[in-house]
Novice: 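Mind looking over this structure? Questions follow.
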Amino acid sequence: MGDSFELHPDVQNTARQIADMDIRGAATIADAAAAALGAQAAECDFDSPDAFRTVMRAAARELEATRPTAVSLPNALRYVLSEMEGETVAALARSVERSVGRFRTDLDNAQDRLGEIGAGRLHDGDTVMTHCHSTDAMACIAAAVRSGTDVSAIVKETRPRNQGHITARELRELDVPVTLIVDNAAHRFLDDVDHLLVGADSIAADGSVVNKIGTAGLAVSARDRGVPVMIAAQSIKLDPKTLTGTTVEIEQRDPTEVLDTDTRDDIGTIAVENPAFDVTPPRHVDAIITEHGQFPPESIVVLMRELFGEDVTEPWIETETSV
Ligand code: RUB
């Protein structure tokens, strides 16, 4: 292999699918990105260990550039690349394949574990309100159902992409009674619910929760009505860069998701904004459920330091000492 190279088709396809939201949701994005790095590593057509490392970093950059908000993506890439070691191309490739395997298994186990922990908060007869589609939140409900707890759900449709429809379908597969509502009806239905249960794309060191747009306002309403706000989030959602004051970038999506071009032209000259996520301050959150236990948001920083330390590298960036 010379200086120019093409990335493995799995990397290109995965990057495209993440950008297009065919692969979506923070945990699923992390899993797919790790798998794509594994496919790249298995393509052992490299001249030298340096060339192998260069291609792996390029693959990680391609994946990292897809969506900016879910920290599970850079956390996954960091995990896999930081474990890349060996003197030969074959040894390097083996180390990547091993770390990809470990990462994906840990991800599954973490979700199962947090599901069991979260299920402990759900009691027979409880009604849960959901927003967007979160596999971590679903794991809590699925574990509750498995242990025989009778729960029902009020599901917000979650404009503009209607991920609530995915949640509704999966809840029905679990036999959970579902009422689907438009987003604007949430406040009206909060008196009927026992928990607000949502996922997270990123959690900052101060316990702020970045999740699908609409979460912050919903959390304020829930607290106003005395409904506990429960965030289901594996530790891969913790954003270690926020320990040093970095803020989480909020993805701005295409305005046509909000309004098609013809209708927009018909209305006249207007601006259309489509931020995909918002930030819920820790004072509006009751508990963050992770695979390591439940945390009040203000104490999540302790877990973040323990798991990530302060020194957060970006091993996909080429530096003079990279090779
Ligand atoms: C998905 C979303 C989900 C979190 C958590 O947004 O906001 O609540 O990613 O999901 P999008 P999970 O559809 O824009 O990716 O618990 O599955 O990681």
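Excluded from the calculations below are hydrogen atoms, water molecules and symmetry mates; all remaining heavy atoms, backbone and side chain alike, are included. Since the model is a prediction, treat every value here as computed from it, not as a measurement. Atoms within each ligand, like the ligands themselves, are counted from 1 in listed order.
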Novice: Looking at R172 and E170, is there a salt bridge between them, counting it only when a charged N and a carboxylate O are closer than 4.0 Å?
Specialist: no
Novice: Under a 3.5 Å threshold, yes or no: a donor from one side chain and an acceptor from the other, between E291 and S235?
Specialist: yes
Novice: Please name all residues satisfying ring-ring contact (aromatic ring centres under 6.0 Å, His included) with Y79, sequence neighbours left out, ordered by chain then number.
Specialist: F103
Novice: Please enumerate all residues that pass side chain to side chain donor-acceptor pair (under 3.5 Å) together with K156, with sequence neighbours excluded.
Specialist: H131
Novice: Measure from the side-chain N and O atoms of T69 to the backbone N and O of E249, and report whether any donor-acceptor pair falls under 3.5 Å.
Specialist: yes
Novice: My understanding is that only residues two or more places apart in sequence, or in another chain, count here; which of them pass side chain to side chain donor-acceptor pair (under 3.5 Å) with T158?
Specialist: none
Novice: Students should find this: residues with any non-hydrogen atom under 4.0 Å from ligand 1. What is the answer?
Specialist: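 Residues within 4.0 Å of ligand 1: M21, R24, G25, A26, A27, R67, C132, H133, S134, T135, D136, Q163, A200, D201, N211, K212, K237, F277.
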